[in-house]
Amino acid sequence: MANSGTVAGVRDGRRLEWAWFAGWVAVGACAAFGLALVVTAGLVLVLLAAAAAGLLVRKGPGRAVAGLPVGLAVLVLYIGYLNRGGPGTVCHVRSGGGDCVDEYSPIPFVVGGVALLLAGLLIFVLPVLLDRWRTAGSFNRAKKKAG
C-alpha cells in the first residue's frame, strides 16, 4: 500500500510540473502576441507576461521555463494559419464586395512553429525520460546480478 501512495505522489508531482509548464506556455504566447500588437494592446500583454514570468521564476520548477518557446510557437503557427492561402494574392468574395490580400507561404511559419513546439517539449520531457531510462537500466543490471 505504501507503494501506491508513492506512485500517486509522483503522478501528482508530474501534473504540477505540467501545470507550471502550461503557465510558461501562456507567458510565451502573451509576450509574443504583446510584441506583435505593440501599437494597440501590446503593452498590456507584455506587462502581464512580465508579471506572470516574475511569479513563475520565483515559485516554479526551473525546467518548466521550456514552455516559453512553446508559447512563442502559438503565434508563429497562428501566422502560418493566417497565410494558409498563400503564397500570392488571395481574394475573398463577400456579399456587397470583396477584398484581395497578398499572403506569404505558410510553410516557413509552420516549420518554425513546429520546431519551437518540439524544442520546448523535448527540453521539458527529455530529463524525465533520461532519468527513467537510467533507473530502468540500473534496475535491470541489479536484477541480472542477483539472478
Flag the pair Leu82 / Glu103 as yes when at least one side-chain heavy-atom distance between them is below 4.5 Å, and no otherwise.
-> no
Quick one: ring-ring contact (aromatic ring centres under 6.0 Å, His included) partners of Phe109, sequence neighbours excluded?
-> none
When the ring centroid of Phe21 is compared with that of Trp24, is the distance short of 6.0 Å?
-> no
Shortest non-hydrogen contact from Cys100 to Thr89?
-> CB-CG2, 4.0 Å
Hydrophobic cluster partners of Val114 (side-chain heavy atoms under 4.5 Å) = Leu77, Val110, Leu118
Using a cut-off of 6.0 Å, state whether more than 12 heavy atoms not belonging to Ile107 lie near its atom CD1.
-> no
Do you know which two heavy atoms are closest between Gly28 and Leu68, and how far apart they sit?
-> CA-CD1, 3.5 Å
Can you list every side chain to side chain donor-acceptor pair (under 3.5 Å) pair that touches residues 45-68, not counting sequence neighbours?
-> Glu17-Arg63
Members sharing Ile123's hydrophobic cluster, built from side-chain contacts under 4.5 Å between Ile, Leu, Val, Met, Phe, Trp and Tyr, are none
Hydrophobic clusters join Ile, Leu, Val, Met, Phe, Trp and Tyr when side-chain heavy atoms are under 4.5 Å apart, directly or via other members; which others share one with Leu47?
-> Leu43
Enumerate the residue pairs fulfilling disulfide (SG to SG under 2.5 Å) with a member in residues 24-68, sequence neighbours excluded, ordered by first and then second residue.
-> none
Of all heavy-atom pairs linking Ala52 and Val27, the shortest is CB-CG2, 3.6 Å
Tell me whether Leu72 is reachable from Ile79 by hopping between hydrophobic residues (I, L, V, M, F, W, Y) whose side-chain heavy atoms are closer than 4.5 Å.
-> yes
Looking only at heavy atoms, which two atoms of Leu116 and Ala73 are closest? And how far apart?
-> CB-CB, 3.7 Å
